[in-house]
Number of protein chains: 2
Amino acid sequence: MGQQLTTTKTPDEIIPSSIVFLARALADENRLRIIMSLAKGEKTVSALVEELGISQPLASHHLKELKRALLVTVERSGPFIYYELVDPRIATIAGDLGGLAAHLLANRTTF
Amino acid sequence: MGQQLTTTKTPDEIIPSSIVFLARALADENRLRIIMSLAKGEKTVSALVEELGISQPLASHHLKELKRALLVTVERSGPFIYYELVDPRIATIAGDLGGLAAHLLANRTTF
DNA sequence: TTTATATATAAACAATAGTTTATATAACGA
DNA sequence: TCGTTATATAAACTATTGTTTATATATAAA
C-alpha cells in the first residue's frame, strides 16, 4: 500500500510525475474546497462535512487522497479526527492558479 | 461547443471551479510535458510529437484541451500549426508545485 | 490533378476517478 | 455492556478522461 512516488528515474521523469500528483489533488472541486478550508486551520471531518455540504464518506474519501498526496496530517482527539494542512504553500499555489485563471478569462478572445 | 466557465455564481463558486479547470490541465503527464516544452518557445505539433515520443493524435488531443483551458494559442504557417503558451505563469506555477512536491517527499514520515 | 506531408477529428475502447449506499470500527458516556 | 456519535472502509455504480486506430481535411510541391 502507498503509492510509489520514487523509483530509479532521472529528474526529468521524477519531477513531472510529482507535479502531476499534486496537480491532481487540486483538480477536484471538493478536494480544493477542503484544502482552502484547512488553510484557515485544522478541522474535524464533521466540521468539513457541515461547512462544505458534502456527505461524510465523500469527505473521508477525499481526505484520504489528500493524505496520499502528503498534503495533510491526521490527529485523533477523542472521537474526533483532525486534519491539518502539512504545508500552506499548496493554498498559495491554488491562489496563484486562481489569479492566472482570472487573467486568462479576462483576456480571452474566443468564447 | 466551448465550455461554460462563467455563469451567475458568487466569487466563492467561480474561483474554485476556475482553479480546478487549470489544475486539470496540469494533472496529466503528457499535457504537463507539453506545457513545459512550450515554455521554451512555440512548437509545431510534429515537433512536440517527436520530442515527447507520443502519437500525433494524442498530441493533438491534449493540445485541444490546453486550448480549451485558454493556456495556448494556435497559429498556422503553411502546413504547420504552431502552438504557443499564452502565459508563462502556468509553467512557473508548475515549477512551484514541483518544489513543493520535492519538499513534501523529503520531509514525509510515512512511506 | 495527383501525391505527400501536417494536423484534426471521430469512434471505440480502456482506465481512472467521483459518488452513493451500506456497513464496520473506534471512542465514550449512561 | 449498551447506545450513541465520529469516522473509515468496501462495494456498486456512474461519470470522466486518456489512448489507439482509422479516417478526414488542408496545404503545398511535383
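Nothing here was measured: the structure is a model prediction, and the numbers come from that model. Naming convention: chains lettered A, B, ... in sequence-line order (proteins, then strands); numbering from 1 in each chain.
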Integer-rounded Å distance: [N] [atom2] and [X] [atom1]:
| X | N | atom1 | atom2 | value |
| --- | --- | --- | --- | --- |
| Arg76(B) | dA8(C) | CZ | C1' | 9 Å |
| Gln56(B) | dT23(D) | CD | P | 15 Å |
| Glu75(B) | dA8(C) | CD | P | 13 Å |
| Asn30(A) | dA17(C) | CG | P | 16 Å |
| Leu63(A) | dA6(D) | CG | P | 16 Å |
| Tyr82(B) | dA6(C) | OH | C1' | 11 Å |
| Lys64(B) | dA8(C) | NZ | C1' | 8 Å |
| Ile34(A) | dT19(C) | CD1 | P | 10 Å |

Checking contacts here: which listed nucleotide ([options]) is nearest the side-chain heavy atoms of [X]?
| X | options | value |
| --- | --- | --- |
| Pro79(B) | dA8(D), dT7(C), dA28(D) | dA28(D) |
| Ser46(A) | dA22(D), dT7(D), dA8(D) | dT7(D) |
| Ser60(B) | dG18(D), dA8(D), dT9(C) | dT9(C) |
| Ile81(B) | dG18(C), dT7(D), dA8(C) | dA8(C) |

| note | Comparing Phe80(A) with Leu58(A), nearest DNA chain D nucleotide closer to 5' gives the residue Phe80(A)

| task | Apply the test side-chain contact (heavy atoms from CB on, under 4.5 Å) to residues Leu22(B) and Leu71(B): give CA-CA distance (whole Å), side-chain angles for both, the deciding distance (0.1 Å), then the verdict. | result | CA-CA 8 Å; Leu22(B) 285 189; Leu71(B) 287 172; 3.9 Å; yes

| Nucleotide paired to dG18(D) in any strand shown, Watson-Crick or G-U, under 3.5 Å |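 Answer to the pairing question: dC13(C), which forms a Watson-Crick or G-U pair with dG18(D).
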
| said: Only pairs with both distances under 3.5 Å count, Watson-Crick or wobble alike; so what is the partner of dT23(C) in this structure? | reply: dA8(D)

| request: Kindly say whether Asn30(A) contributes a backbone atom to a donor-acceptor pair with the side chain of Arg33(A) at under 3.5 angstrom? | output: no

| query | According to a strict under-4.0 Å criterion, is Arg31(B) in side-chain N/O contact with OP1 or OP2 of dG18(D)? | reply | yes

| message | Regarding His62(B), tell me which of base, sugar-phosphate or nothing describes its non-hydrogen contacts under 4.0 Å with the strands shown. | response |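 Sugar-phosphate, no base atom in range.
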
| message | What's Tyr83(A) touching, base or sugar-phosphate or nothing? Going by heavy atoms closer than 4.0 Å. | response |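 Sugar-phosphate contact only.
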
| message | Could you tell me if Gln56(A) and Ser60(A) have a donor-acceptor pair between their side chains, going purely by distance under 3.5 Å? | response | yes

| task | Kindly check if the number of other-residue, nucleotide or ligand heavy atoms within 6.0 Å of CD (Glu51(A)) is above 12? | result | yes

| said: Between Arg24(A) and Ser55(A), which residue's closest nucleotide on DNA chain C lies nearer the 5′ terminus? | reply: Arg24(A)

| query | Pick from Leu63(B), Leu48(B), Val49(B): which one makes a side chain to side chain contact (heavy atoms under 4.5 Å, CB included) with Lys43(B)? | reply |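 Between Lys43(B) and the candidates, side chain to side chain contact (heavy atoms under 4.5 Å, CB included) is satisfied uniquely by Leu48(B).
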
